[in-house]
Amino acid sequence: MKRKLGYNLIDCDEIFVPIHKEVHWCLAIINIRDKKFQYLDSLGSMDMKALKIIARYLGDEVKDKNGKQIDVLSWKHEGVQNLPLQENGWDCGMFMLKYIDFHSRDMGLTFGQKHMPYFRQRTAKEILNLRAG
């Protein structure tokens, strides 16, 4: 990863991992700073299997690329509580993007279903303008 990113994964505070499960988008966060793996799902579910796979990946990647052992087995696995939840069957991707957007800016997750039409339009405009605002 260092060759592609210019830095090692272990040097990051947090890594956002979008997860696509057949027809549904969720988010995992590798929180290196706090030594925990977090799961955010706009339908309110939890997937411990996904977090275990991500933990194994991180341990293997750090060992392979940095020659270091990190004890990811001791890291906490948690489902993030009090998330804004979707109220329909199609906004999971937008919720996942907004979880990343708000979390990466250290903002509380203070949005909801009623904000999705605006977020969809704004995201489409940013993509069409080839810039993220």
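- Leu97 is not connected to Trp90 by any chain of hydrophobic side-chain contacts under 4.5 Å among Ile, Leu, Val, Met, Phe, Trp and Tyr, and they are in different clusters.
- Remark: aromatic rings of Phe16 and His103 are close, center separation under 6.0 Å.
- Phe37 and Leu109 end up in different hydrophobic clusters when Ile, Leu, Val, Met, Phe, Trp and Tyr side chains are linked at under 4.5 Å.
- Cluster annotation: Met46 is not connected to Leu40 through the hydrophobic network of ILVMFWY side chains, with a link wherever side-chain heavy atoms come within less than 4.5 Å.
- The CD1 atom of Ile127 sits 12.0 Å away from atom CZ of Arg122, with the distance rounded to the nearest 0.5 Å.
- With Glu22 contributing its side chain and His20 its backbone, the two residues share no donor-acceptor pair below 3.5 Å.
- A distance-only check finds a donor-acceptor pair linking the side chain of Asn129 to the backbone of Lys125 [under 3.5 Å].
- Hydrophobic clustering (side-chain heavy atoms under 4.5 Å, transitive across Ile, Leu, Val, Met, Phe, Trp, Tyr) groups Phe95 together with Leu85.
- Looking only at distances, no side-chain donor or acceptor of Asp34 sits under 3.5 Å from a matching main-chain atom of Lys36.
- In summary, of the residues considered (Ile29, Ile10, Ile32), a side-chain contact (heavy atoms from CB on, under 4.5 Å) with Ile15 occurs for Ile32 alone.
- Minimum heavy-atom separation, Tyr39 to Cys26: OH-SG, 3.3 Å.
- Here the side chain of Ser74 pairs a donor or acceptor atom with the backbone of Asp71 at under 3.5 angstrom.
- Inter-residue side-chain proximity for Lys63 and Lys68 is flagged as unmet; no heavy-atom pair is nearer than 4.5 Å.
- No side-chain heavy atom of Lys35 sits less than 4.5 Å from a side-chain heavy atom of Lys76.
- Under a cut-off of 6.0 angstrom, the local environment of CG in Asn88 is crowded, with over 12 non-hydrogen atoms contributed by other residues, nucleotides or ligands.
- Here the side chain of Tyr99 pairs a donor or acceptor atom with the backbone of Pro84 at under 3.5 angstrom.
- Under a hydrophobic clustering in which Ile, Leu, Val, Met, Phe, Trp and Tyr are joined whenever their side-chain heavy atoms come within less than 4.5 Å, directly or via other members, Leu83 and Leu43 fall into different clusters.
- Salt-bridge formation is detected for the pair Asp47/Lys21: a Lys NZ or Arg NE/NH1/NH2 atom is positioned less than 4.0 Å from an Asp or Glu carboxylate oxygen.
- Remark: the backbone N or O of Val80 is not paired with any side-chain donor or acceptor of Glu78 at under 3.5 angstrom.
- Shown here for Trp75 and Ile30, the closest heavy-atom pair between the two residues is CZ3-CG2, 4.2 Å.
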Exercise for review: Applying side-chain contact (heavy atoms from CB on, under 4.5 Å), run through Ile19 and Ile54 and close with a yes or a no.
Suggested key: CA-CA 11 Å; Ile19 297 173; Ile54 291 167; 4.1 Å; yes
Could you tabulate the donor-acceptor pairs under 3.5 Å formed by side-chain atoms of residues 110-119, not counting sequence neighbours?
residue : atom : partner : partner atom : Å
Gln113  : OE1  : Glu87   : N            : 2.6
Gln113  : NE2  : Asp91   : OD2          : 2.6
His115  : ND1  : Gly112  : N            : 2.9

Practice item. Test Lys98 against Asp101 for salt bridge (charged side-chain N to carboxylate O under 4.0 Å, His left out), laying out the working first. Key: CA-CA 5 Å; Lys98 291 294 117 182; Asp101 184 21; 2.9 Å; yes
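- Annotation: side chain of Val17 is not in contact with side chain of Leu27 (no heavy-atom distance under 4.5 Å).
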